[in-house]
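Keep in mind it's a predicted model, so treat the numbers as computed, not measured.
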Amino acid sequence: MPTQASVRDWLGMAVLVLPALLASMDLSVLFMASPWISADLQPSATQFLWIMDIYGFMMAGLLITMGSLGDRIGRRRLLLIGAAAFGAASALAAFATSAQLLIAARALLGLGGATLAPSTLSLIRGMFLDDSQRRIAVGIWTSAFIGGVSVGPIVGGLLLEHFWWGSVFLINVPVMVLLLLVAPVLIRESRDPTPGKFDLLSAVLSLMSILPVVYGIKTAAERGADWTAVAPIVIGAGFGGLFVARQLKADRPMIDIRLLRRPAFAGSIISNGAVVFAAAGMGLLAASYTQTVLDYAPFAAAVWMLPTVAGSFIGVAGASVLARTISARTLVPLGLLIAAGGFAGISLVTPSSHIGMLVAGYSALTLGVGLTATLATSLVLTTAPPEDAGAASALAETSSEFGGAVGIAVLGTVTGAVYRTSMTDHPDVAEQVSAAAADTIGGAVAVAQELPEHLATPLLQQAFTAYTEGFTVAALVGAAVLAVAAIGTGLLLRRVPAPPVPGAQEEGHRVGSAG
């Protein structure tokens, strides 16, 4: 019988949940601060998107590499190194005086965050040898990691009610200090006894396959789809092909791409990325919309967002109950369709709509996200062979971070493109619209504060209308993406039997054989 976890292990698990929560919170904690950052640092539209999502892209690009590095140098050691880096980068971001410095600090935060997520999950897996205890621990970790995306805007709103925007970063520092002090006492070191040689080339290829694509997307948003945008995307895709080819040929790959040949596993990865795409992308837009167009203070906006957090928890609870009798092949696509319906509801919002209309659509979205994420995480663990649990977890974490960063980039890019087009084409306000006002909604608010009332009023009216148009078009794009994901995962999960009950080992084995 496997050794039962000790009190020390459970205390250590509680400590490990904190960096996992912060790592995912930092994907979304800036949402409430976005109008303040726009007014203070006056970033361009492209710089603004880099500020928001360079963190997620750096994490997505480095998670696999850091997971592999932790196997070799020790997961606790890597966790402590990452905690120090994360705390230092948080302080740098808190006191950034320019958009460029904040982008650099966010990139360093992504580097630190990439060490926290895989290290914490790998350490938990080694601390809990009993299957049932491990499932509980991994479930708690997953709830913290996914829940951090929803909690981030709430925490940001509460802080901004009393402090400046840098406080959303500075809150990370004492938690990282606590982790550095307590982790060596409560958490045992662990590493792969036969890790093989660290594949530096694969590490470089994994990062180079992501960042050029991101640059291309952002360039296309600012200048259009010319060669300066297309070329980086093609280059990134080329590096991605080389990375995949190298993993398929390697005796000990950095990450086992072959797992994606199992349809059920591939379906769980796609659905996992899709729901974080929705939660992170809409989180940024909703936070900006409530504070600018609807003119809510950060704390009031945070309070209005509480039902959206409740929606995700209801989804999680509903998944646990419904999964006892209904197959994941039905529930996962259903959750994606519910989230798509939430997007569709948000697309009906107008500048004169009550905030309740936005909250209702957003809550439906988070309900679908909670339902899908819970089942997708369970499927990741049960559809991969036990010996590939580490690689499966790394792929799941990467899909989450990449999905969140893509959601921010794609939906933010769509909103920004529609906003700029509407602002520059409108004849009534074109003469008094400066470059800053035409670039971002935060810039328009800042410019309006310097204008006399007879000029500021029409400028703000058009800015709010333009941003709402972009916001609703982005919601339609999100609905389409999730609808397509629902169809795709439904096909990939069609062989998963019912019911995939968490905690029943025999069910896990049957689901695994279905992949």
Side-chain angles (χ1 to χ4, degrees), residues 27-35 37-38 43 45-57 60 149-150 152-153 213-222 225 229 233 270 272-293 305 308 336 339-349 358-359 361-366 368-369 372 399-422 439-442 466-486:
L27 195 65
S28 62
V29 72
L30 273 191
F31 293 169
M32 286 296 177
S34 57
I37 291 172
S38 293
T46 301
Q47 287 176 330
F48 179 77
L49 285 177
W50 273 115
I51 289 170
M52 290 298 157
D53 58 23
I54 185 61
Y55 172 82
F57 278 114
V149 177
S150 298
V213 174
V214 179
Y215 178 81
I217 292 173
K218 295 180 180 303
T219 302
E222 186 174 31
I233 294 174
I270 291 172
N272 199 47
V275 293
V276 182
F277 168 96
M282 182 46 59
L284 170 60
L285 299 180
S288 297
Y289 190 83
T290 53
Q291 292 182 81
T292 52
V293 178
M305 291 298 110
T308 69
L336 289 169
F343 265 128
I346 292 169
S347 72
L348 302 176
V349 169
L358 169 61
V359 172
Y362 194 5
S363 298
L365 188 153
T366 58
V369 167
T372 303
S399 71
S400 293
E401 292 299 330
F402 192 69
V406 168
I408 293 172
V410 170
L411 299 185
T413 296
V414 170
T415 303
V418 174
Y419 173 84
R420 288 192 297 276
T421 299
S422 181
D439 212 21
T440 67
I441 182 69
Y467 191 78
T468 302
E469 290 174 359
F471 183 55
T472 54
V473 170
L476 289 174
V477 171
V481 169
L482 292 188
V484 171

#### Entry: Y362 and its side-chain contact (heavy atoms from CB on, under 4.5 Å) partner, picked from T290, T308, V349
T308
## Note on the structure
Separation between CG (L365) and CE (M282), nearest 0.5 Å, reads 7.0 Å
### Message
Can you give me the closest heavy-atom contact between A278 and V369, atom names plus distance?
### Response
CB-CG2, 4.5 Å
### Summary
For G342 and A364 the tightest heavy-atom approach is CA-CB, 3.9 Å
### Query
Taking side chain as C-beta onward, heavy atoms only, is L285 less than 4.5 Å from Y289?
no
Less than 3.5 Å apart, which donor and acceptor atoms pair up between the side chains of residues 470-482 and the rest of the protein, not counting sequence neighbours?
from: T472; atom 1: OG1; to: T468; atom 2: O; distance (Å): 3.0
from: T472; atom 1: OG1; to: E469; atom 2: O; distance (Å): 3.0

### Query
Got a sec, which residues hit side chain to side chain contact (heavy atoms under 4.5 Å, CB included) with I37, two or more places apart in sequence or on another chain?
L30, A33, L41, I51, L102, W165
### Query
If you measure from CD on Q47 to CD1 on I54, what distance do you get to the nearest 0.5 Å?
12.5 Å
### Results of ring-ring contact (aromatic ring centres under 6.0 Å, His included) for F343 - residues two or more places apart only
none
